[in-house]
Amino acid sequence: MLSVRDAEATILNAVKPLDNQLDVEFVDLLMANNRILATPVISSLDFPHWDNSAMDGYAVRYADVQQARADKPIVLQVVEEIPAGYEPQVTIKPGQAARIFTGAMMPAGADTVVMQEKTHRQENRVFVFIAPQPQEFVRRKGDFYQAGNEILPAGIPLTASEIAVLAAAGREQVSVFRRPRVAILSVGDELVMPEQLLKPGQIVDSNQYALATLMRELGAEVLLLGIIQDEPTTLQEIIDYAIANADIVISTGGVSVGDYDYIYKTLASLAAKIHFRSVQMRPGKPLTFATFGNKLYFGLPGNPVSALVTCWRFVKPAIKKMSGLAKGWESKFIKVRSQSELQSNGKMETYIWGKLNLVNGVYQFQKAEGNDSSGNLINLAQTNALAVLPVGKTFVYPGEEVLVLQI
Ligand SMILES: Nc1nc2c(c(=O)[nH]1)N[C@H]1C(S)=C(S)[C@@H](COP(=O)(O)OP(=O)(O)OC[C@H]3O[C@@H](n4cnc5c(N)ncnc54)[C@H](O)[C@@H]3O)O[C@H]1N2
Ligand code: MOO
Ligand SMILES: [Mg+2]
């Protein structure tokens, strides 16, 4: 059976990232949160834009005050007051100073700022009680960034700090990759919508909600195709439509070996390239992966936990890679101690859902309480991590280290 590692490699190899020319759109800065920057940004401004003061105090000539002492202050004449946002009009000459405030432009002639607390003001004179360092408390033009260089590279996610940089560089809009389009369908005669009264044998299609939520979290545009009956002709039509209208199609259900599991046959009849239909993992063994050219098809197992685990493990990095992220799209595992005893049959790579708890500043894994059937979505709620037991590992003792995937 195909290992998880090989399945992941097959999937990630099949992902074609969005094109940085064709798959780009402009969005307002305040709508750009979590979008991926499509074009490198170069500013025509230096940062700081001009020499300015880092303190409220006095702009002075260093040469004037280098001998200042508490018991022998230097007295300077204050010739101008410079608040932030004001362009200084006066050149500071020997024996002179300007009153200045944080962020205000340095006046010509001055090279150093003495903070207010080290001075005493008497009318238009200021007493300086301490010798500053040369150029102290001056933020020099271009110290943070020089115009013409790359200020932000393409392929990064935009969060508060990057959006602040874009705003400071005078951008109102930014070019980002369009959202990957993901079609979601739920396959099963037993499935109904949440508002429906359940007849015997029916259950609510919770997978549609789980996957739509996860896909939106990942920045995808979701095309919800609803519940599809276990019927080959309808399935064929809907998958054909989904492939034509999305970059990625995700179905749940119908991938096992039952008489009503039609996904494999349907994909074959649509001439999909079927890369695999089972993976050496639990839950999630019957995961099916196919491609139609550059379009990806994930046939996730119907069990609610299996659907989410395979989505976290395989679909999530695929979406991230497709979305234009230059790096950091692979699944990230961290090594932590397990607080719980964990078990596997040793034959499958086993994913155990639970919580990462912060104990004295160190994360520890705690297995979810309750039934760990892949059909039990109830105890999956309020979990945030999957512990991974590799093939061959049958037992993790409390206190032993384990690899954990944050979800
Ligand atoms: N003879 C075998 N039977 C099964 C095997 C096997 O190897 N041999 N594998 C089992 C495993 S493991 C899984 S996982 C499931 C996968 O089943 P399918 O993908 O074919 O899904 P269904 O049969 O349609 O449904 C399975 C289960 O999940 C519930 N379900 C389905 N869709 C939804 C939905 N949208 N929302 C909520 N719950 C859903 C469905 O009612 C079933 O209970 O196959 C095993 N069988
Ligand atoms: O692999 Mo299935 O996903 O355990 O129920
Ligand atoms: Mg089935």
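Ligands are counted one by one from 1 in listed order, and the atoms in each one are counted from 1 as well.
Under a 4.0 Å N-O distance rule, the pair K367/D372 qualifies as a salt bridge. Between R140 and D111 there is no salt bridge, since no side-chain N of the basic residue sits under 4.0 Å from a carboxylate O of the acidic one. K393 has a carboxylate O that lies under 4.0 Å from a charged side-chain N of E400, or vice versa, which qualifies the two as a salt bridge. Between E8 and R313 there is a salt bridge, since a side-chain N of the basic residue sits under 4.0 Å from a carboxylate O of the acidic one.
By the neighbour-count criterion of 12 heavy atoms within 6.0 Å, atom CZ of R61 is densely surrounded, having more than that number from other residues, nucleotides or ligands. Atom CZ of R121 has more than 12 neighbouring heavy atoms from other residues, nucleotides or ligands inside a 6.0 Å radius. Counting non-hydrogen atoms of neighbouring residues, nucleotides and ligands closer than 6.0 angstrom, the CG atom of L30 reaches no more than 12 such neighbours. Within 6.0 Å of the CD atom in E123, the count of heavy atoms belonging to other residues, nucleotides or ligands does not exceed 12.
Near K285, with a cut-off below 4.0 Å to any heavy atom, the atoms of ligand 1 are 6 (C), 7 (O). Taking every heavy atom of I203 and a limit of under 4.0 angstrom, the matching atoms of ligand 1 come to 37 (C), 38 (N), 39 (C), 41 (O). Near V204, meaning under 4.0 Å from one of its heavy atoms, ligand 1 places the atoms 36 (N), 37 (C). Listed by number with element, the atoms of ligand 1 under 4.0 Å from a non-hydrogen atom of D261 are 20 (O), 23 (O). Those atoms of ligand 1 that come under 4.0 Å of a heavy atom in G254, given as number and element, are 18 (P), 19 (O), 20 (O), 21 (O), 22 (P), 24 (O). When each atom of ligand 1 is checked for a heavy atom of T252 under 4.0 Å away, the hits are 35 (N).
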Which protein N or O atoms sit under 3.5 Å from any N or O of ligand 2? Give each pair with its distance.
| unit_1 | atom_1 | unit_2 | atom_2 | d |
| --- | --- | --- | --- | --- |
| ligand 2 | 1 (O) | G284 | N | 2.6 |
| ligand 2 | 1 (O) | K285 | N | 2.9 |
| ligand 2 | 3 (O) | G284 | N | 2.6 |
| ligand 2 | 3 (O) | S306 | OG | 2.4 |
| ligand 2 | 4 (O) | S374 | OG | 3.3 |
| ligand 2 | 5 (O) | N303 | ND2 | 2.7 |
| ligand 2 | 5 (O) | S306 | OG | 3.3 |
| ligand 2 | 5 (O) | S374 | OG | 2.3 |

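Distance from atom 35 (N) of ligand 1 to its nearest protein heavy atom, with residue and atom name: D205 OD1, 2.8 Å. Scanning all protein heavy atoms for the shortest distance to atom 29 (C) of ligand 1 gives G302 O, 3.8 Å. Taking atom 33 (C) of ligand 1 as the reference point, the nearest protein heavy-atom neighbour is N207 ND2, 3.3 Å.
Side-chain rings of F298 and F289 approach one another, their centers coming within less than 6.0 Å. Remark: aromatic rings of Y262 and Y264 are distant, center separation not under 6.0 Å.
Contact annotation for E190 and ligand 1: only side-chain heavy atoms (C-beta onward) come within less than 4.0 Å of the ligand. At a 4.0 Å heavy-atom cut-off, ligand 1 touches V257 through the side chain alone.
Close N/O approach between V255 and ligand 1 is found [any backbone or side-chain N/O within under 3.5 Å].
The closest approach between a heavy atom of S206 and any atom of ligand 1 is below 4.0 Å. Every heavy atom of G188 sits 4.0 Å or more from the atoms of ligand 1. Contact analysis leaves I227 out of contact with ligand 1, as no non-hydrogen atom separation drops below 4.0 angstrom.
Taking the six-membered ring where tryptophan is involved, the planes of F129 and F127 are essentially parallel, since the angle between them stays under 30° and well short of 60°.
Here CG of N384 is found 10.5 Å from CD of Q366. Values are rounded to the nearest 0.5 Å.
Inter-residue side-chain proximity for Y145 and I151 is flagged as met; some heavy-atom pair is nearer than 4.5 Å.
With distances taken over non-hydrogen atoms, the option nearest atom 27 (C) of ligand 1 out of L191, L287, N303 is N303. Of the candidates G253, S186, S256, it is S256 that places a heavy atom closest to atom 10 (C) of ligand 1. Across the listed options P286, A307, S306, P286 owns the non-hydrogen atom lying nearest to atom 16 (C) of ligand 1.
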message: Go through it in stages, so that I can follow the logic: the residues are Y86 and E80, the test is side-chain hydrogen bond (donor to acceptor under 3.5 Å, both in side chains), and I'd like the CA-CA distance, side-chain angles, deciding distance and then a yes or no.
response: CA-CA 11 Å; Y86 173 87; E80 194 181 26; 3.3 Å; yes
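Cation-pi contact between K321 and W329: present, with separation from the ring centre below 6.0 Å and deviation from the ring axis of at most 45°.
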